[in-house]
Amino acid sequence: MIYTKFFKPTLKQGIIMGLSFCLYTSLMWLTKLDTVHLSIGQYFDMAIIILPILMILWAIRQENNLYPITIFQRITIAIFVGAVSYLIYDPFLYVYHNNINPDWFNSVLNLKEMDLKAANTSHDKIIETLQKMKDTNASQSGLFRLSTAIPSVLIIPTLIALISLIFVKRKK
């Protein structure tokens with residue numbers, strides 16, 4: 001029998017994950033780890049990838065404890081958690097980038113410039129690199145939401161669901 005009533009209990013993990021990303025971004029801003037102390041904040045940005053892994057594994061484990069779930073159900077659970085989280089975090093991120101901290105990208109550029117200067121990169125190469133970063137940011141800003149939806153809702157959750165096969169054993 002295929003059990004498909006996992007949406008209600010799994011909704012909780014998606015909401016928690018979305019709100020956690022909002023809280024994370026707010027704390028990064030309040031502590032200035034996303035601007036003034038970006039060289040430290042970038043390590044937190046790398047560590048935050050643990051959040052979706054833990055939340056999706058938790059959702060899959062919770063459902064697997066109730067009934068044996070198939071690979072397809074694992075993927076569906078993971079995508080559902082990712083979609084709910086995305087629906088919460090994406091509007092928050094839009095407001096953050098456009099209203100709360102509209103100068104965030106200048107901090108990224110400043111950090112890159114410091115890194116290039118520390119590596120004794122020529123002045124012309126620094127200017128060229130920073131201009132490429134500005135151009136890429138400008139061209140992607142219009143498609144930002146679509147370009148983040150696919151990895152956030154489909155690719156990463158699906159990969160985590162497949163990895164869950166190792167860590168969350170199927171009930172007999």
Side-chain angles (χ1 to χ4, degrees), residues 13-60 75 77-167:
Q13 281 87 0
I15 292 171
I16 291 170
M17 188 164 87
L19 292 175
S20 295
F21 279 129
C22 295
L23 178 63
Y24 166 78
T25 302
S26 298
L27 289 174
M28 291 289 285
W29 172 66
L30 290 171
T31 60
K32 299 193 183 311
L33 288 171
D34 66 343
T35 53
V36 177
H37 308 291
L38 189 57
S39 58
I40 298 168
Q42 66 185 354
Y43 294 107
F44 287 101
D45 284 341
M46 288 184 266
I48 196 64
I49 191 65
I50 295 170
L51 179 65
I53 293 170
L54 293 176
M55 295 307 294
I56 290 171
L57 287 176
W58 178 30
I60 290 171
I75 293 171
I77 291 166
I79 289 173
F80 184 72
V81 170
V84 169
S85 172
Y86 184 80
L87 290 173
I88 293 169
Y89 186 53
D90 184 60
F92 172 82
L93 203 55
Y94 179 82
V95 170
Y96 173 79
H97 283 149
N98 292 290
N99 301 105
I100 298 171
N101 190 7
D103 294 329
W104 70 275
F105 192 68
N106 290 332
S107 299
V108 173
L109 292 174
N110 291 338
L111 179 65
K112 184 65 174 178
E113 184 177 7
M114 288 187 315
D115 288 346
L116 292 171
K117 284 180 180 177
N120 294 320
T121 306
S122 72
H123 180 70
D124 292 339
K125 184 65 176 170
I126 291 172
I127 291 172
E128 178 186 339
T129 302
L130 296 177
Q131 188 59 49
K132 283 182 183 177
M133 288 176 67
K134 288 176 188 176
D135 293 344
T136 300
N137 183 54
S139 66
Q140 289 179 348
S141 64
L143 294 174
F144 181 72
R145 286 188 156 144
L146 181 60
S147 68
T148 60
I150 293 168
S152 298
V153 176
L154 295 175
I155 297 170
I156 294 172
T158 300
L159 291 174
I160 295 170
L162 294 174
I163 291 170
S164 78
L165 292 167
I166 298 168
F167 299 105

Minimum heavy-atom distance Met133-Phe105, with the two atoms named: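 So the minimum-distance heavy-atom pair works out to O-CZ, 3.5 Å.
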Of all heavy-atom pairs between Thr158 and Leu154, which one has the smallest distance, and what is that distance?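 Closest approach of Thr158 to Leu154, heavy atoms only: OG1-O, 2.6 Å.
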Is there a side-chain contact (heavy atoms from CB on, under 4.5 Å) between Ile126 and Glu113? Walk through the geometry before answering. CA-CA 7 Å; Ile126 291 172; Glu113 184 177 7; 4.0 Å; yes
Gln42: what forms a side-chain hydrogen bond (donor to acceptor under 3.5 Å, both in side chains) with it, not counting sequence neighbours?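 Residues passing side-chain hydrogen bond (donor to acceptor under 3.5 Å, both in side chains) with Gln42: none at all.
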Could you tell me which residues satisfy side-chain hydrogen bond (donor to acceptor under 3.5 Å, both in side chains) with Thr25, sequence neighbours excluded, listed by chain and number?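 Thr25 satisfies side-chain hydrogen bond (donor to acceptor under 3.5 Å, both in side chains) with Tyr89 only.
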Should [X] and [Y] count as side-chain neighbours, where that means a heavy-atom distance under 4.5 Å?
X	Y	value
Thr31	His37	no
Lys125	Leu116	no
Val81	Pro157	no
Ile16	Trp58	yes
Val153	Thr148	no
Phe21	Phe92	no
Met17	Leu51	yes

When rounded to the nearest 0.5 angstrom, what distance separates [atom1] in [X] from [atom2] in [Y]?
X	Y	atom1	atom2	value
Ile75	Leu159	CD1	CG	9.5 Å
Ile88	Leu93	CD1	CG	13.5 Å
Ile77	Leu57	CD1	CG	11.5 Å
Thr121	His123	OG1	NE2	12.0 Å
Ser152	Asp90	OG	CG	8.0 Å
Asp135	Gln131	CG	CD	4.5 Å

Apply side-chain contact (heavy atoms from CB on, under 4.5 Å) to Tyr24 and Asp45, showing your working. CA-CA 9 Å; Tyr24 166 78; Asp45 284 341; 2.4 Å; yes
What's the verdict on side-chain contact (heavy atoms from CB on, under 4.5 Å) for Ile156 and Ile53, showing C-alpha distance, side-chain angles and the deciding distance? CA-CA 9 Å; Ile156 294 172; Ile53 293 170; over 6 Å; no
Is the side chain of Ser164 donor-acceptor paired with the backbone N or O of Ala161 at a distance under 3.5 Å, no angle test?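 Yes.
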Taking Asn98 for the side chain and Tyr94 for the main chain, is one N or O donor matched with an acceptor at less than 3.5 Å?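 Indeed, once roles are kept as given, a pair shorter than 3.5 Å links the two residues.
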